[in-house]
Amino acid sequence: MSVGTPRGLASSGQKPIAEILHPLSSAAEPLSVSVTVNLGGDKEAGLTNGTPVETSSPASTSSLFNRLQLDDDLEADVRDPYAETTETRDLFVTVGDPKKHVSTMETYITYRVSTKTTRVEFDLPEYCVRRRYQDFDWLRIKLEDSQPTHLIPPLPEKFVMKGVVDRFSEEFVETRMKALDKFLKRIADHPVLSFNPHLNSFLTAKDLNKRQGLALLTKVGESVKYVAGGYKLRARPAEFCAMGEYLDTFNQKLGTIDRIAQRILKEQSEYLTELREYGTVYSSWVGLEDELRRPLEGVAGCVTTCCGALEDLGENMSQDFLPVLREYVLYVESMKNVLRKRDQSQAEYEARLEAAILRKQEDRTPMPVEVEKCQDKVECFNADLKADWERWQSNKRQDFKQLLTGMADKNINHYEKCQAAWESLITLLQDKQTEDKSSETN
Amino acid sequence: MMMADSGSNEEVAVIVNTDITSTESENNLINTMVERGTALLRKMEINVAEAEKRTGKNTVNMQETYTVYLIEIRPAETVPEGGTPATPDTLWRRYSEFELLRTYLLVTYPYIIIPPLPEKRAEFVWHKLAADNLDPDFVERRRVGLENFLLRVASHPVLSNDKIFFLFLTEEKGWREAVLETGFQDKVDSRLKSLSAMFRVKNPDKRFTALKHYSDELNTVISQLLRVRAKVADRLYGVYKVHGNYGRVFSEWSAIEKEMGDGLQSAGHHMDTYAASIDDILEEEEHYADQLKEYLFYTDAVRSVCRKHELIQYELEMVAQDLVHKKQQKEELATGTVRIFSLKGMTSKLFGQESQEQRESRLAALEQSIQEGEETLKEKNTECGEFVQTAWEDIERFKEQKDKDLREALISYAIMQISMCKKGIQVWSNAKECFNKI
């Protein structure tokens, strides 16, 4: 077990404050019976529940090591320098293989969630389950409840307007899957969240029993009492103020970048339309000429190539660039929520403290344990939050570095393709020129 | 600079305007490459060096602003090492004088495809480009176009020998009078009439028919191309300019970041550079558009020659028809049979036969007319034949020129595109370096 953040924490935060609902302790909820229609028929028919992949003996460490031989998916994880070093990482998760399920009630997509781990918290070294978006959402809510002091990574947008976006198009599913994969990876990399039992259930259970609610409600009720009662926070520590301000500005900038990117997409799309027509005019000219036939065909061809390259660029921007940007907007929201919760917990503490002091003055009762507990809670929260903030900042830096260099790369790529096309045309035409010249002088 | 192929038998003179705008220098865009050296060009180098604004009173005594262009003539001798080039003879001409020259050439050499002038008003513009005649960019492009016109005329085997053209280049003051003295004005009206007239030719030379058809189609296709190109330019402008917004937002963002700040800020600068680069790129592309426009206007000149052929052919056919008609009349008179209705014939039938003398004098008159008719027919035939021959010579010359010029234009267009791609790669690579540092 390794903890990534090198700070002395008052409490590790591994003991969640809320109750843990062990999946096996609750009454089983029957899942809707569904007829599965696979997009690419294979042996995984009928898999809406989790099924472990291999039930080989987990005994020897050497066999464990062998099983941890990285496949292609895992290689990508290893390349992340801001994450924990490979020697200390012992939990790898991947999301892949989207499949459509059609039932009488509904149609939805499930994804395969593969896990490889050496952790003792897991019974087996490998797992393979199928989950749908709802399940991810469940996990997120559970994590938020059980780890309120931590920043939970965001999920891609839940609701998509039917008729506007095709929920089953390849691009949409692909984009969503990448986001879900990122979501799980971020959790798996988190020194605290990765040990959450809900995550464990999510990754391993055959039937994901999703009992929401009661605990959530009572918890919310409590702190609302202290904030809704008009109690104002005495003094938010400066660093948390700074965080809040940063997030607001950052959010603004993200929004601006999103709008710019969309505008570029729009302009490029309109440019593409005109460029296509441009190419066809050259093609129609070809029919009129003899000598100029080849050059004109060549130009028409180059224009077509450039159109293709432009299409690719646009696809890239909308499928890779924009989703990541939007994800960070959600991340900012999450982070702001955590800051608010921290404020609430501080408010609660201060309220209780005040009340206790007053009572103490009246009847000399000692400081109640609850107040101390509250103080602990606040300190714990602050520490967790700071740790998560640092981690978030460093991840953000890495993510944007990748995102922006990726964008630059795609643009370079686009121009390279176009340049190559035009250069080969020149070679073609100049060859002909020397051909003609030599035949002229002969 | 593209140098002449020293191995070819024909004399090749390369005229380069060294006053080319800076944006053209890298891509060695040449105005005219002359295939056959003419006597004129062997003697002199022609330049349209400058443009200047003038104000003066026009024909209706109103103040007007117009542009004049400086024509420079230099003797075409090589300058010895270290020697100074001879001072050029110069004179100023305005656009309307160029137009006058061209009109003169059009009526004087109807069998020649007369090179076109650059457009009077800016057309096929994309929004950024000014359509204003006094806009410096437009004036500059027009200067280049006028020089091109002069060089085309000067390099033409027939036109280069024209006296009026020579005077245009050498006589600033007396030129207008000299042109008017040629009496070409009379021909102008009839030419305009003939161009617009509708008449049916029975036996046109098939080559001319095909050429006219080709010319019309070429006109259509180049117009389309210019139109779409302008739209493409407009859109591309938009794409580049929006990227400039990245510059600003990265700058603002860098203000709240610690380690990421520098990288973002400098990347932002590159985005600004990228956005700004489109102006030069599109300015350069205008040259390509100008090359296309020249040939668009050339199609009008080609059409003009084809129409002239039709007119001559038509006149020939009319004369021939008229002659046939007269011969038939004579035959009838001689044999007494009436095949053709004529008033005289009818009246003589109604009011009695005409006298022998009357008949004979009529016959004599007809005979005379027929002889004259046959002379006219011979002349017309010769005229037609000569026209077809000289015109077709020029058409062949033109075809070769067109194929060569347009091919060159397409190559230089490709070069422009490559340059644009290279610039794009440079800027984005720079930006990527900055992103790598965040």
Side-chain angles (χ1 to χ4, degrees), chain A residues 245-246 249-250 252-253 256-257 259-261 263-264 267-268 270-275 277-278 280-282 284-285 287-292 295-296 298-299 302 306 393 396-397 400-401 403-405 407-409 411-412 414-416 418-423 425-426 429-430 433 437 440-441, chain B residues 5 7-9 214 217-218 221-222 224-225 227-229 231-232 234-236 238-239 241-243 245-246 248-250 252-253 255-257 259-260 263-264 267 399-400 402-404 406-407 410-411 413-415 417-418 420-425 427-429 431-438:
Chain A
E245 277 166 26
Y246 172 86
T249 314
F250 183 57
Q252 235 185 42
K253 298 312 154 199
T256 309
I257 296 176
R259 276 191 297 281
I260 296 172
R263 178 83 190 278
I264 291 177
E267 296 284 340
Q268 276 178 343
E270 289 175 350
Y271 170 60
L272 185 59
T273 309
E274 300 299 342
L275 202 61
E277 203 193 322
Y278 189 53
T280 51
V281 179
Y282 279 108
S284 66
W285 190 352
L288 299 177
E289 301 287 342
D290 297 314
E291 281 297 310
L292 289 177
L296 289 171
V299 170
C302 285
C306 292
Q393 281 288 6
K396 174 207 80 183
R397 187 176 168 188
F400 275 93
K401 178 169 164 165
L403 186 72
L404 293 169
T405 51
M407 170 173 90
D409 262 335
N411 275 281
I412 292 171
H414 164 255
Y415 279 116
E416 281 174 345
C418 295
Q419 185 179 335
W422 289 106
E423 278 176 343
L425 175 66
I426 297 223
L429 293 181
Q430 282 181 339
Q433 226 172 3
K437 277 227 171 89
E440 255 174 46
T441 51
Chain B
D5 181 6
S8 81
N9 294 328
Y214 165 78
E217 303 233 288
L218 187 64
V221 100
I222 295 184
Q224 260 185 322
L225 196 61
R227 214 175 9 95
V228 180
R229 196 208 70 90
K231 286 199 274 184
V232 167
D234 231 346
R235 290 294 171 207
L236 190 60
V239 170
K241 287 303 179 189
V242 178
H243 279 83
N245 292 323
Y246 274 146
R248 196 171 30 159
V249 77
F250 284 162
E252 291 167 4
W253 181 8
I256 56 170
E257 296 290 345
E259 302 112 339
M260 289 173 74
L264 284 174
K399 279 188 185 169
E400 255 185 68
K402 173 212 84 179
D403 284 340
K404 192 165 219 280
L406 288 178
R407 191 212 180 98
L410 290 172
I411 291 179
Y413 181 71
I415 292 175
Q417 297 306 302
I418 291 170
M420 176 173 91
C421 290
K422 283 189 177 159
K423 281 189 199 163
I425 292 174
V427 170
W428 280 105
S429 299
K432 183 178 170 182
E433 249 182 70
C434 298
F435 290 140
N436 261 322
K437 296 203 194 109
I438 66 178

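So you know, we letter chains A, B, ... as the sequences are listed, proteins then strands, and number each from 1. We use all heavy atoms of the structure for the numbers below, so side chains are in, but hydrogens, waters and symmetry mates are not.
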statement: Shortest non-hydrogen pair, Leu292(A) vs Asp403(B), comes out as CD2-O, 3.4 Å
- prompt: Pick from Leu218(B), Ile222(B), Leu406(B), Val221(B): which one has the most heavy-atom pairs with chain A under 4.5 Å?
  reply: Val221(B)
- prompt: Roughly how far apart are Arg235(B) CZ and Thr273(A) OG1, rounded to 0.5 Å?
  reply: 8.0 Å
- prompt: Contact part of Lys422(B) toward chain A, heavy-atom cut-off under 4.5 Å: side chain, backbone, both or neither?
  reply: both
message: Before you tell me yes or no, could you show the steps for Tyr415(A) and Val427(B) under side-chain contact (heavy atoms from CB on, under 4.5 Å), namely the whole-Å CA-CA distance, both residues' side-chain angles and the distance that decides it to 0.1 Å?
response: CA-CA 11 Å; Tyr415(A) 279 116; Val427(B) 170; over 6 Å; no
task: Please flag which part of Leu296(A) lies under 4.5 Å from any non-hydrogen atom of chain B: side chain, backbone, both or neither.
output: both
- request: Starting at CZ of Arg229(B), measure out to CD of Glu274(A) and round the result to the nearest 0.5 Å.
  value: 12.5 Å
Heavy-atom pair of closest approach, residues Met260(B) and Phe400(A): CE-CB, 4.0 Å
message: I need the Glu257(B) CD to Tyr246(A) OH distance, nearest 0.5 Å.
response: 3.0 Å
Residues Glu291(A), Arg407(B): salt bridge by 4.0 Å N-O rule: no
task: With a 4.5 Å cut-off on heavy-atom pairs, point out which of Leu288(A), Leu272(A), Thr249(A) contacts chain B the most.
output: Leu288(A)
- request: Quick one: pull up CD in Glu270(A) and CG in Leu236(B) and give me the separation to the nearest 0.5 Å.
  value: 13.0 Å
statement: Separation between CG (Leu264(B)) and NZ (Lys401(A)), nearest 0.5 Å, reads 12.0 Å
- prompt: Would Gln252(A) and Glu252(B) count as a side-chain contact (heavy atoms from CB on, under 4.5 Å) if you check the C-alpha gap in whole Å, the side-chain angles of each, and the deciding distance to 0.1 Å?
  reply: CA-CA 10 Å; Gln252(A) 235 185 42; Glu252(B) 291 167 4; 6.0 Å; no
field: Under 4.5 Å from a heavy atom of chain B, the part of Ala421(A) involved
entry: neither
- line: Note: vs chain B, highest number of non-hydrogen pairs under 4.5 angstrom among Thr405(A), Thr256(A), Leu403(A) is Thr405(A)
task: Quick one: pull up CG in Leu425(A) and CG in Leu410(B) and give me the separation to the nearest 0.5 Å.
output: 8.0 Å
field: Ion pair check, Glu289(A) and Lys402(B), cut-off under 4.0 Å
entry: yes
statement: In terms of heavy-atom pairs under 4.5 Å with chain B, the winner among Met407(A), Glu267(A), Lys396(A) is Glu267(A)
- line: Tightest non-hydrogen contact, residues Asp409(A) and Lys432(B), listed as OD1-NZ, 2.6 Å
- request: With side-chain contact (heavy atoms from CB on, under 4.5 Å) as the test, would you mind laying out the steps for Leu225(B) and Tyr278(A) before giving the verdict?
  value: CA-CA 7 Å; Leu225(B) 196 61; Tyr278(A) 189 53; 3.8 Å; yes
- line: Phe250(A) and Ile256(B) have their tightest heavy-atom pair at N-CD1, 3.7 Å
Which atom of Ala408(A) lies closest to which atom of Phe435(B), heavy atoms considered: CB-CD1, 4.2 Å
query: Between Cys418(A) and chain B, which part of the residue has a heavy atom less than 4.5 Å away: side chain, backbone, both or neither?
result: both
